[in-house]
Structures are given as C-alpha cells and as structure tokens.
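Let me begin by presenting the structure, written as structure tokens, before commenting on it.
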Amino acid sequence: MSLEIQLATTFKSCNTFHHFDRYSYILSPELIQQGFEKAGVATVRRRRLPLEALLWSVVGMSLFRQQSVWDIANQLDIVLPDKQRFVAPSAVVQARQRLGEEGVKQVFKAMAAQSYKTSSFEKWCGLNLLAVDGVVWRTIDTPENHQEFKAQHNGGAENIYPKVRMVCLMELTSHQLVDSIFSDYRTNEMRLAEELIEQTPDHSLTIFDKGYYSTGLLHKWNKTG
C-alpha cells in the first residue's frame, strides 16, 4: 500500500491524534537514528522531550495544522514519563532548536530512499517514471524571513510575503517524493534541479516541463548514473 493511500485511509477513518501511532512502521526508529547520525544530531542526555519524539511533533504539525505545536506534543503522548502530565510550551521551542533543520532533512531523505527501494511501481518500457517540478510557499511577513527567503519583485515594489521555493523529484504513478531541495524564492528552479541529479534512481525516465529546458541540465541528467 502506498504512503498516499495510507494517509488517505487515516484521514477517512479518524481525525484525532490517537491513531497517529499507525505511522510508526513507516518512520521506524532505525530510520530516525540513521537520519540523525548523518545530520550529526544526538540526544546527549535523556530529556523529557527527546529529539526522536520531537520529530513526530514536526510530522504532526503538517498533518494537524489547526493545532498548536504545544497541543500536538502533548496529545501525541510523545514525552517521556514524569510527574507532570504535560510538557511546557518553552520546552517544545527549545527542543525544536536542538533538532534543527538538518536532522529533519536527513530523516526525510532516509525515509524517501527506503520507501522507494521497497515499493513496487508501474513501469514504462522497464523504467520507473519520475518528474521534476517546483512549488512556492508563502511564509510569515517578518524581517528574518525576508532576509532568509526573499520576496517577489512586483514592478517597483515587492510582494509583502517572503517565500520558500522547493523543487521536488516525484515518482509519477504513486506521487511519492523521492527527493527535494529548498531555497529562497529568487533561486532559479533549474539551479535547484541540478542538486537532485545524484539522488535520481537509475533505470528511470524523468519528465520536465518546458520551464526546465536547459541543454546543460538535461545532458547531465541523462549521463549521470
């Protein structure tokens, strides 16, 4: 069963946190540890909210976006036993700072690679079908986000919201992400696509839209692997 079907089944059957543990076999402790080791992230001492547990709250943030981070951490029941039932909001913020972005990134890459290897996809002429495309997300209008992610130029003025650009590599028949790369809004998509070349699986056919027409990009994509 594909991840897409598993997610759809979960949302159809429940809308609470209590069924969230069914994903533990998709994102195993071994994959989390593998990603953390590659990112150089480790829990030096056992805290009440260890990094392995905090990663699940990050996943919960994407699935239950109407809930606060604090509610997600408490209702997922991911904190270690203690006299107090709930974890303080400040503890969640501090734990997210310890985890950082690299730990989440490497866990995603480990999970995506593992899922691709163990899945059976429809093929065309013996090749797996992949596609590359980009997407842009709006972020909160803060000086820090403008500095980090930039905003869209609009004539003489700029759009008020800074944006994050993502270019992703997807398996077409399942819509499963194989890899992705993020940058600020003003980074060209073809430049980001080049960073996906080394991670593109062999025995595959990758489809681009005309916005990626670059002889250098397509030639390198064809000759690598």
Does D141 reach the side chain of P162, with side-chain heavy atoms less than 4.5 Å apart? yes
Can you find a heavy atom in the side chain of V104 that is under 4.5 Å from one in the side chain of L99? yes
Passing option when E194 is tested against I181, L217, V167 for side-chain contact (heavy atoms from CB on, under 4.5 Å): L217
Write down the atom of [X], the atom of [Y], and the distance for their closest heavy-atom approach.
X	Y	value
A112	V178	CB-O, 3.5 Å
T187	R191	CG2-CD, 4.1 Å
G35	Q106	O-CB, 3.2 Å
Y161	R138	CB-CG, 3.1 Å
P201	L169	CD-CD2, 4.3 Å

L31 and V107: side-chain contact (heavy atoms from CB on, under 4.5 Å), yes or no, with the steps? CA-CA 7 Å; L31 281 177; V107 170; 5.6 Å; no
Considering residues at least two apart in sequence or located in another chain, which fulfil the ring pair (Phe, Tyr, Trp, His ring centres under 6.0 Å) criterion with Y212? F208
Could you tell me whether the side chain of [X] and the main chain of [Y] form a donor-acceptor pair under 3.5 Å?
X	Y	answer
D179	L196	no
H219	S214	no
S204	N128	no
S119	S115	yes

Once side chain to side chain contact (heavy atoms under 4.5 Å, CB included) is applied, do any residues pair with K105, and if so which ones, sequence neighbours excluded? E102, K109
Sequence neighbours excluded, which residues qualify as side chain to side chain contact (heavy atoms under 4.5 Å, CB included) partners of L129? W124, L172, L205
Distance, nearest 0.5 Å, that separates [atom1] of [X] from [atom2] of [Y]:
X	Y	atom1	atom2	result
K163	S183	NZ	OG	14.5 Å
L177	F108	CG	CZ	5.0 Å
W137	F149	CH2	CZ	12.0 Å
T206	E171	OG1	CD	11.0 Å
D184	Q147	CG	CD	10.5 Å
L130	Q176	CG	CD	10.5 Å

Joint cluster assignment, [X] & [Y], ILVMFWY side-chain distance < 4.5 Å:
X	Y	answer
V164	M170	yes
V59	M111	yes
I207	L218	no
F36	V58	yes
W221	Y213	yes

Are Q34 and E30 linked by a side-chain donor-acceptor pair shorter than 3.5 Å? no
Should E189 and R165 count as an ion pair when the cut-off is N to O under 4.0 Å? yes
Audit row: D209, D133, side-chain contact (heavy atoms from CB on, under 4.5 Å) steps and yes/no: CA-CA 8 Å; D209 66 35; D133 206 356; 3.6 Å; yes
More than 12 heavy atoms of other groups within 6.0 Å of K220 NZ: no
